[in-house]
There are 2 protein chains.
Amino acid sequence: MPRLEIDAIDQRIVALLTADARRSASEIGRLVSLSPAATKRRIDRLEEVGVIKGYTAVLDHAKLGHALEAFTELRFAPGTQVDDIDRALVDLPELVESFTLAGDPDALVRVRVDDVDHLKRVIDRVRRGRRGGAKIIGTKTLIVLGRTAGPGERGETG
Amino acid sequence: MPRLEIDAIDQRIVALLTADARRSASEIGRLVSLSPAATKRRIDRLEEVGVIKGYTAVLDHAKLGHALEAFTELRFAPGTQVDDIDRALVDLPELVESFTLAGDPDALVRVRVDDVDHLKRVIDRVRRGRRGGAKIIGTKTLIVLGRTAGPGERGETG
DNA sequence: GTTGAAAGGTGCACGGG
DNA sequence: CCCGTGCACCTTTCAAC
């Protein structure tokens, strides 16, 4: 395993790839004053140590027919293990990401759906929450009206 | 402006770029049985019409020193405009994204911080919510214990 | 960290369906 | 409209330093 330290140049490379993951290693090298080969080695190392987990396209989901986004807060029966929560949600195609939380509610589930009717069906599926012994005793769904990206999503954190 | 219709091949291209945004147009072309040039033209068109808004690196924030993630629910005073909410949150480097919601709470703010002390300072800043006339009358912060990516984040939705 | 050369990807004009 | 081809140019990759 390569060294884990992330120096200032690594941070700039990470920021540049966060802003545009399809930039070439040569261009990044130009921007951080390094040769293409040295830049590529740093990118490879950042991937190896797991600082960079991958690269993804940022989509306009509304244009792909998934116009509605929502968060559903979940409350579980006493004794439910946090790991059970994840198991309760696999195989839900509408799931974007799910969070286990400290406090009340116990989990937050983010879903993307076509319309309110679709949302209703998804919430029904979530509420069943059969798998893994997780017993859902309450849900509260919040419909997203608008979303704004922050600096932390654009690589401006360092 | 190019055509807005997204056919089955476009959807596969979007899914492939969502799974790995750094794949070359030639490789994607091989996977969807199209020439490199035709594939590139489709990718360019998907970007032009805004289906693909950009490309970003997926990071392990814990390895970059931002180990703690949290959601803060916000409640606003009556008469607050939803647009005021976004204006109240600009210039918060710890902000990942913010959502305006239908129902109660009025907004959900996602932040990434170094530790609980840092979180305390960020929540204090959010609670002030000076800008744009947004008056925050209550907050509730949920600390993230764990996160799981769903199919909708990996391009498996189509 | 650099250089350099081979392999492969990109960008563009052209022609065909 | 959208596809493929061919070619010049640029990037990536890897050895050697």
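Residue numbering restarts at 1 for every chain, and letters A, B, ... go by the order of the sequence lines.
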For nucleotides 13-17 of chain D, which of its nitrogen or oxygen atoms have a protein nitrogen or oxygen under 3.5 Å away, and what is each distance?
residue: D:dT13; atom: OP2; partner: A:Lys40; partner atom: NZ; Å: 2.7

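- Using a 4.0 Å cut-off between charged side-chain N and carboxylate O, A:Lys40 and A:Glu47 make no salt bridge.
- Listed in residue order, the members of residues 17-35 of chain A having a heavy atom less than 4.0 Å from DNA chain C are A:Ser35.
- With hydrogens and angles ignored, the 3.5 Å screen pairs no side-chain donor or acceptor of A:Asp106 with any backbone N or O of A:Arg75.
- Distance CD (B:Glu48) to P (D:dC2): 11 Å, rounded to an integer number of Å.
- Taking atom CZ of residue B:Arg45 and atom P of nucleotide D:dC2, one finds them 6 Å apart after rounding to whole Å.
- Here A:Thr18 pairs with nothing under the side chain to side chain donor-acceptor pair (under 3.5 Å) rule; sequence neighbours left out.
- The CZ-C1' distance, from B:Arg42 to D:dC3, rounds to 9 Å in whole Å.
- Residues A:Glu73 and A:Arg110 are not paired through a salt bridge, judged by the lack of any N-O separation under 4.0 Å between the basic side chain and the carboxylate.
- Proximity of a side-chain donor or acceptor of A:Asp20 to a complementary backbone N or O of A:Leu17 within less than 3.5 Å is not detected.
- Proximity of a side-chain donor or acceptor of B:Ser26 to a complementary backbone N or O of B:Pro36 within less than 3.5 Å is not detected.
- Using a 3.5 Å distance cut-off with no hydrogens or angles, the side chains of A:His118 and A:Glu94 do pair a donor with an acceptor.
- Between A:Ile13 atom CD1 and C:dG1 atom C1' there is a gap of 13 Å when expressed in whole angstrom units.
- Between B:Thr72 and B:Thr141, the side chains place a donor N or O and an acceptor N or O closer than 3.5 Å (distance only, hydrogens not considered).
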